[in-house]
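Input: a single structure, listed below in structure tokens.
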Amino acid sequence: MPHTIVIFGASGDLTSRKLVPALYNLMRAGALPDQTRIVGFSRTPLADAEWRASLRDSTAGHCDCGPLDDASWNRFAAALHYQPGDIGVAADIGRLETRLRALEGGVPTDRIYYLATAPQFYEPVVSALGAHGMAAQDQGSRRIVVEKPFGTDLATAQALNAHIHTVFRESQVFRIDHYLGKESVQNILALRFANTIFEPIWNRRYVDHVQITVAEEVTVGRRGGYYDSTGVLRDMFQNHLLQLLMVTAMEAPVRFNANAVRNEKVKVLEAIRPLDAADAAAAGIRGQYRGYLQEPGVPAGSRTATFGAIRLEIDNWRWQGVPFYLRSGKAMSCRTTQIVIGFRQPPLELFANGTPAHAREANRLVIQIQPAEGIQLHFHTKVPGAGMHLRLTDLDFSYSREFAGRLPEAYEPLLLDVLEGDASLFARADVVEKSWEIVDPFVRAWSAPGLAAPAGYEPGDWGPLSSFEWMAAQGRTWFDMCPVLT
Ligand code: BG6
């Protein structure tokens with residue numbers, strides 16, 4: 001069946017930097033189904049040829065595919081169409097539908113509506129699609145892709161879900177979190193569920209704690225206006241970090257399909273110990289990099305956290321008593337996303353040689369999500385020579401060493417999944433709402449009136465000093481290495 005991808009917000013950044021380059025790469029790789037057309041809709045008055053020309057330049061800059069090849073681009077560009085219009089104007093949506101029908105020429109076609117607009121337009125687009133009968137599935141399937149942020153708290157996420165469900169059934173809704181499209185994130189499922197050697201130790205008997213870090217070197221830069229009302233909890237924790245936690249902590253699904261996988265994920269969130277704002281205040285550290293207040297768009301005296309570290313407990317048989325530390329920040333020492341499974345010390349330490357317990361390193365499995373994707377296992381080895389002196393050594397697997405070629409950009413597999421109707425890597429309504437339920441108490445605690453300013457840290461640090469002290473007080477240390485593989 002032919003496909004039409006309708007992009008709302010077609011003249012925006014997401015479209016030019018991510019969506020169109022991803023679709024172009026899919027087409028070059030022969031992965032995009034034949035007869036896929038892409039129709040852009042936004043207010044900017046543009047003709048087809050102008051939209052194609054502007055996308056050619058942006059795609060060349062963002063496709064990570066070397067110099068744009070004319071033949072491939074021309075083949076791709078022929079599938080691009082543009083319809084100017086205003087989401088709020090019923091006649092414009094009517095004109096869009098007429099254009100889509102003309103392009104589809106009466107042939108049943110699967111349609112994907114992609115919301116790449118600012119979030120305040122999500123509900124109006126859904127209403128407009130409903131009002132024009134554009135969600136009806138009698139001439140092919142109709143799917144809708146919703147970008148983050150999905151609400152700003154539990155109440156707004158519930159309201160948005162309820163609104164979407166007035167027009168689309170849940171099976172038609174694809175809430176995207178680009179972290180789930182990353183190869184190395186999907187590989188966690190392979191590591192855990194295609195191997196038997198990790199399963200027996202993947203639990204409270206052997207694991208002391210888990211650290212999930214998404215560190216970014218970039219500052220907020222020109223996104224100050226957006227970022228200041230969002231902060232690190234909403235920007236990174238509610239979605240990306242909790243998704244990483246779910247794939248790390250979930251039970252094996254009974255089969256690999258969207259509902260089985262998502263049922264297991266939501267169970268992890270359901271098992272996270274609920275906190276009120278007072279508990280949350282004690283279960284986290286907030287920081288702000290020095291210089292944030294001078295970023296354009298950031299109001300004077302803002303207390304928005306650009307760094308956060310929180311501790312969550314999962315109350316189930318597998319994880320009872322194993323803290324999960326989640327940490328993310330802007331302006332940190334390097335760009336690295338990693339999951340560290342910190343194992344327990346041996347029950348009897350024969351070779352401690354007087355080293356105090358807190359200074360002894362235990363086994364670790366480091367899953368390096370990006371950059372330098374791979375996995376590293378740390379274990380003790382005897383240093384050759386007299387005496388039982390040990391050193392931590394490692395075994396590692398690196399994607400670049402093992403596999404030739406570039407890793408697909410996260411949007412590529414996700415867009416393909418939407419075209420195929422596979423929602424395994426997309427957030428279901430209950431997952432999104434549960435995630436907000438977990439993050440909301442932290443947001444409330446971190447914006448309580450009269451609260452002290454977040455602890456400052458220098459750009460290039462691993463967050464504020466208080467974050468190290470907080471870990472030390474729990475007898476643990478952050479694993480800070482940039483990135484662990486090279
Ligand atoms: C986005 C956040 O969702 O993820 C950004 O809004 C952040 O603030 C980005 O920079 C990080 O994505 P990645 O893929 O570069 O780790």
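Along the sequence shown, residues carry numbers from 1. We count ligands from 1, going down the list as the structure has it; atoms in each ligand are counted the same way.
- Given atom 12 (O) of ligand 1, the protein heavy atom at minimum distance is H178 NE2, 3.2 Å.
- In this structure a side-chain-to-backbone donor-acceptor pair under 3.5 Å is present from K148 to D235.
- With ligand atoms numbered from 1 in the order given, ligand 1 contributes 5 (C), 7 (C), 8 (O), 10 (O) to contacts under 4.0 Å with heavy atoms of K330.
- In terms of polar-atom proximity, defined here as any N/O pair under 3.5 Å, Y226 makes no such contact with ligand 1.
- The protein heavy-atom contact nearest to atom 11 (C) of ligand 1 is E216 OE2, 3.5 Å.
- For atom 6 (O) of ligand 1, the nearest protein heavy atom (residue, atom name, distance) is D235 OD1, 2.6 Å.
- Side-chain N/O atoms of S141 and R143 include a donor and acceptor closer than 3.5 Å.
- Backbone and side-chain nitrogen or oxygen atoms of R223 are examined, and one is located within less than 3.5 angstrom of a nitrogen or oxygen of ligand 1.
- Among all non-hydrogen protein atoms, the one lying nearest atom 16 (O) of ligand 1 is Y179 OH, 2.5 Å.
- For Y227 and E295, the side-chain atoms include no donor-acceptor pair closer than 3.5 Å.
- With a 6.0 Å cutoff to the six-membered ring centre and a 45° limit on the axis angle, R327 counts as a cation-pi contact of W478.
- Numbered from 1 in the order shown, with element, the atoms of ligand 1 that lie under 4.0 Å from a heavy atom of K148 read 1 (C), 2 (C), 3 (O), 6 (O).
- Near K182, meaning under 4.0 Å from one of its heavy atoms, ligand 1 places the atoms 13 (P), 14 (O), 16 (O).
- Within the 4.5 Å cutoff, the side chain of Q211 has no heavy atoms near those of the I341 side chain.
- Within the listing of ligand 1, atoms 15 (O) sit less than 4.0 angstrom from a heavy atom of R335.
- What sits closest to atom 4 (O) of ligand 1 on the protein, heavy atoms only, is H240 NE2, 3.4 Å.
- Neither side chain, N25 nor E409, offers a donor N or O lying under 3.5 Å from an acceptor on the other.
- More than 12 heavy atoms of other shown residues, nucleotides or ligands fall within 6.0 angstrom of atom CZ in R476.
- A cation-pi arrangement is not found for R175 relative to F426, the charged atom failing to lie both closer than 6.0 Å to the ring centre and inside a 45° cone about the ring normal.
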